[in-house]
Amino acid sequence: MPSLCAAFRRGRRAFLLNPPADTTKDTDTVERRTAANILVALEGSGLEKVVAASTGGAQPGNRIGDLNVLWELEEGLRRQSIPAAINRGAYYMSNWDDLLDVVRRDGVLPTMFPEDTVIPMVAPRDLGEAAAERLLSSVNDVGVWYVEGPRALFATRCGKGVLPGARPTGEVGHHATRPVEAGLSLSWFLGTGGRILHPDDRGQRR
């Protein structure tokens with residue numbers, strides 16, 4: 001805690017990212033404690049603005065992972081005096097990366113999502129760029145914004161989790177015109193084609 005307080009006092013603005021806890025421990029307890037420590041460290045820091053990474057599903061609750069942890073962080077930021085911009089990211093496209101070999105081999109993506117589910121997605125790189133933009137913007141640029149790709153993507157098709165554009169030959173991708181090569185990630189070959197930010201206007205959720 002003292003080192004975090006000292007770090008905040010050295011800067012003018014800060015990007016806040018609540019790190020994931022060790023999965024061998026009680027992640028809910030650890031992550032909620034970390035979020036609370038971040039909020040305490042902001043007190044008296046003299047920062048002129050903060051930008052926080054959150055999730056599109058943030059909501060009050062108990063032991064529902066990032067959803068309630070980041071909701072509590074958001075609420076704490078609303079209660080303190082430093083202007084706070086909150087970016088709620090869509091589903092991370094990089095979540096598919098570990099399945100790249102399966103997609104390349106079979107042309108299908110195994111998934112637990114229901115058939116023909118359409119999900120707003122975003123690449124982590126785009127989340128970083130959106131955060132940087134708000135760190136550099138006016139102190140009046142505050143509140144919740146959603147960050148996602150310009151269009152939602154089909155997560156599944158025909159009950160097999162076939163990605164848009166997937167072909168049995170292994171030529172996989174949303175816009176890809178060549179087979180996926182080793183070392184490329186789904187974040188690359190799906191691509192967001194840019195990103196969109198829009199204010200919190202979904203059912204008056206905060």
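For the pair Q80/L77, a side-chain contact is recorded, criterion being any heavy-atom separation below 4.5 Å from C-beta on.
Under the 4.5 Å side-chain heavy-atom criterion for ILVMFWY residues, no single connected hydrophobic cluster contains both L47 and V51. F8 and I82 fall within the same hydrophobic cluster, defined by Ile, Leu, Val, Met, Phe, Trp and Tyr side-chain heavy atoms under 4.5 Å apart, directly or through other members. No continuous path of ILVMFWY side-chain contacts below 4.5 Å connects V142 to L42, so the two sit in separate hydrophobic clusters. Under the 4.5 Å side-chain contact rule for hydrophobic residues, L17 and I86 do not share a cluster. Note: the hydrophobic cluster containing L135 does not contain L127 (ILVMFWY, side chain heavy atoms under 4.5 Å, direct or indirect links).
For the atom pair CG (L39) and CD (E75), the distance works out to 10.5 Å, reported to the nearest 0.5 Å. Atom CG of D141 and atom CG of L136 lie 10.5 Å apart (nearest 0.5 Å). The distance from the SG atom of C5 to the CD1 atom of I38 is 11.5 Å, given to the nearest 0.5 Å. Rounding to the nearest 0.5 Å gives a distance of 11.5 Å between CG of D126 and CD of E148. The line from CG of N18 to CD of E72 is 10.0 Å long, rounded to the nearest 0.5 Å. With values rounded to the nearest 0.5 angstrom, T29 atom OG1 is found 12.0 Å from K25 atom NZ.
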- Message: One pair to check against side-chain contact (heavy atoms from CB on, under 4.5 Å): E31 and L70. What are the steps and the verdict?
- Response: CA-CA 9 Å; E31 291 182 12; L70 293 174; over 6 Å; no
- Message: Go through it in stages, so that I can follow the logic: the residues are N87 and R134, the test is side-chain contact (heavy atoms from CB on, under 4.5 Å), and I'd like the CA-CA distance, side-chain angles, deciding distance and then a yes or no.
- Response: CA-CA 9 Å; N87 285 352; R134 298 195 82 184; 2.8 Å; yes
- Task: Starting from the C-alpha separation in whole Å, work towards a yes-or-no answer on side-chain contact (heavy atoms from CB on, under 4.5 Å) for D28 and V69.
- Result: CA-CA 7 Å; D28 184 77; V69 172; 4.1 Å; yes
- Could you check Y91 against V122 for side-chain contact (heavy atoms from CB on, under 4.5 Å), going step by step and ending with a plain yes or no? CA-CA 6 Å; Y91 190 88; V122 67; over 6 Å; no
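Residue pairs meeting the side chain to side chain donor-acceptor pair (under 3.5 Å) criterion with at least one member in residues 41-50, sequence neighbours excluded: R12-E48, R13-E48, K49-S137.
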Can I get a per-line list of side-chain donor-acceptor pairs under 3.5 Å for residues 56-66, giving both atom names and the distance, sequence neighbours left out?
from	atom 1	to	atom 2	distance (Å)
Q59	NE2	G57	O	3.1
R63	NH2	D26	OD1	2.9

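Cation-pi contact between R32 and W71: absent, since separation from the ring centre below 6.0 Å together with deviation from the ring axis within 45° is not met.
Heavy atoms only, all atoms of each residue included: A52 and F15 are closest at C-CE1, 4.5 Å.
The closest donor-acceptor contact from the side chain of T34 to the backbone of V30 lies under 3.5 Å.
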